[in-house]
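Before any comments, here is the structure.
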Amino acid sequence: MSVRRWAAAACGVITAIAAVATPVRAANPVITSIYTADPAPLVVGSTLYVYAGRDEAPAGTNNFVMREWHVLTSTDAQNFTDQGAKANIGTFPWAGADAWAGEVEPRNGKYYWYTSVNGNGAGWMNIGVAVGDSPLGPFTDAKGGPLISDSTANSSGLNIDPTVFVDDDGQAYMYWGGYWAPRAVKLAANMIDTVGSVVTPQGLTNYWEAPWMFKRNGLYYMMYAANDTNGCVTNSNYACQRYATATNPLGPWTHRGIVLGQVSSTTNHAGIAELNGQSYLVYHTADAPGGGNFRRSVAIDKLYFNADGTIQRVIPTRGASPTVTTSYVSPWENLSAVNNGGTPANSADRSNLAYGNWPQQGTQWVEYAWPTAQSLNRSSVYWFDDDQGIDLPASCQPQYWNGSAYVAVPGASACGVAGNTENQMSFSTISTTRLRLNFTSRTGYSTGILEWKASLQ
Ligand code: FUB
């Protein structure tokens, strides 16, 4: 997030070192005045509304303390305003605690806010529904009791995390569930009653919780949190976001891959929305100052679909914006290409700027420098190849500043030099203020980069 837009670099100056691009926007998380979690984005007109729970756990408390839901708004997906608590446990007179994840679905000029909340009846969590006449409410209980509870036949082992979707034919569906137990049911046109039996959807591989349903180009998508160690997370206390697609809103689903890897909070809860033609992934982390697993904060990053409808994995932008420097940049190329959030179509794609160092040969470098130490264990680089003087490098070597010298990043996987792809690399987690990518040219050529990302997964 902090690096999706950069000011034009002062690239008319030819210097041997330290060409600098300047960040012009703030970093993730989107707000730090309060801790926020479980974001559910909704675009109405030209405004992005993000419905989120508020984490109120004091530092050191190892439990959720969540009593109200806030609405965050933005018109540029960069600058957000906290509109305050627009619903709380008191919105549901039959409930008493745990304002967990919710989602708002519009229909017929009304806005239905489906929530996870602890009712005062038997069992633990329930799905409630409130209704308002505008995206900011005011919202009131729409039903006078839970829509789903532990006494609902075939309900989930944990009745949380509703996602509601209205199809083109007007039929509404609700998915929800935790503890590896997804459930689905049709909703009546009034949006506050269920129709028919609760079903157990098939094909949501490694489902844990936090479903998010949408439709795009006639295909149904379900993104959800998983916590398997089969490519998702290194420790099943954490979660990633997987996704599946289906040609029927009730499935069966076909698993497609990972949208978001492990983040700094154990829980991983996300939603997808499109604002001004750009898709975004809204999620939460523990990255805010003083943050933690029960003191989470909403973050946002651009999300990209491939031409075949699959989703590109999002590498989260985190923390403070880095300054970018290089050993050399050609006066007609642009160091702003590096870390501007671009997703190239191929290695010759200059549409989101290109960094190149012609006529230099041999080993050159680009570097990120942060004002405070960053924890990092992942990098991806998309090499530039103009089919002229700039070619793919022969090799690359990431280094970091250990406080007194640049040293090789430890435990690194191969530094890829393939064209037309994001070359992913993982390494042991380091804490540093400077990460440098050295790259050595093929004989007779210079080198270049379209995008380079560094993150903690
Ligand atoms: O915020 C409380 C719970 O944590 C949510 O309902 C889950 O999705 C997880 O994010």
Side-chain angles (χ1 to χ4, degrees), residues 29 34-41 50-57 61-72 85 87-89 92 95-104 113-119 123-129 146-150 155-164 174-183 204 206-213 222-227 232-233 236-243 259-272 281-288 291-299 316:
I34 57 171
Y35 295 109
T36 51
D38 305 324
V50 176
Y51 299 86
R54 178 181 181 186
D55 270 340
E56 296 185 75
T61 299
N62 285 323
N63 266 317
F64 293 121
V65 179
M66 304 183 76
R67 295 179 290 208
E68 59 191 27
W69 294 273
H70 281 234
V71 187
L72 315 178
N88 57 45
I89 291 166
F92 302 100
D98 299 334
W100 288 15
E103 177 179 327
V104 171
W113 197 340
Y114 300 86
T115 62
S116 315
V117 69
N118 188 350
W124 184 13
M125 296 300 287
N126 304 265
I127 308 294
V129 53
L147 179 59
I148 300 288
S149 72
D150 285 343
S155 67
S156 174
L158 186 60
N159 290 306
I160 59 169
D161 297 359
T163 181
V164 172
M174 183 170 75
Y175 279 72
W176 78 98
Y179 292 163
W180 304 281
R183 294 292 185 265
L204 299 176
N206 294 319
Y207 178 95
W208 163 243
E209 62 181 13
W212 179 264
M213 185 179 184
M222 189 70 69
M223 181 173 67
Y224 55 92
N227 66 349
C232 172
V233 290
S236 58
N237 288 326
Y238 286 82
C240 72
Q241 289 290 327
R242 292 185 177 277
Y243 79 106
V259 180
L260 178 67
Q262 184 173 320
V263 296
S264 51
S265 56
T266 47
T267 57
N268 191 328
H269 194 121
I272 293 172
L281 181 77
V282 192
Y283 57 100
H284 69 221
T285 69
D287 286 353
N293 294 331
F294 306 100
R295 293 155 67 86
R296 301 161 292 179
S297 292
V298 169

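In listed order, ligands and their atoms are each counted from 1. Note that the numbering runs from 1 along the sequence shown for the chain.
Residue-ligand proximity, R296 to ligand 1, at heavy-atom distances under 4.0 Å covers atoms 1 (O), 2 (C), 4 (O), 9 (C), 10 (O). The distance from ligand 1 to the heavy atoms of H269 drops below 4.0 Å at these ligand atoms: 7 (C), 8 (O), 10 (O). Within ligand 1, the atoms closer than 4.0 Å to a non-hydrogen atom of A101 are 6 (O), numbered from 1 in the order shown. Interface of E209 with ligand 1, defined as ligand atoms under 4.0 Å from a residue heavy atom, comprises 7 (C), 8 (O), 9 (C). Every atom of ligand 1 is numbered from 1 in the order shown, and the set under 4.0 Å from a heavy atom of H284 is 10 (O). Near M66, meaning under 4.0 Å from one of its heavy atoms, ligand 1 places the atoms 1 (O), 2 (C).
Under 4.0 angstrom from ligand 1, there are no non-hydrogen atoms of M125. When non-hydrogen atoms are compared, ligand 1 lies under 4.0 Å from neither the backbone nor the side chain of A37.
Scanning the protein heavy atoms around atom 10 (O) of ligand 1, the nearest turns out to be D38 OD1, 2.6 Å.
Note that CE of M223 and CG of N268 are 8.5 Å apart. Values are rounded to the nearest 0.5 Å.
Each salt bridge (charged side-chain N to carboxylate O under 4.0 Å, His left out) pair with one or both residues in residues 61-72, not counting sequence neighbours, appears once here: R54-E68, E56-R67.
A donor-acceptor contact shorter than 3.5 Å is absent between the side chain of T266 and the backbone of N293. Here the side chain of S156 pairs a donor or acceptor atom with the backbone of A181 at under 3.5 angstrom.
In this structure, of T267, D161, N268, N293, the residue bringing a heavy atom nearest to atom 7 (C) of ligand 1 is D161.
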Test S264 against D287 for side-chain hydrogen bond (donor to acceptor under 3.5 Å, both in side chains), laying out the working first.
CA-CA 7 Å; S264 51; D287 286 353; 2.5 Å; yes

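Taking the side chain as every heavy atom from C-beta outward, M174 and Y114 approach each other to under 4.5 Å.
The ring pair (Phe, Tyr, Trp, His ring centres under 6.0 Å) test applied to W100 returns F64, W124, not counting sequence neighbours.
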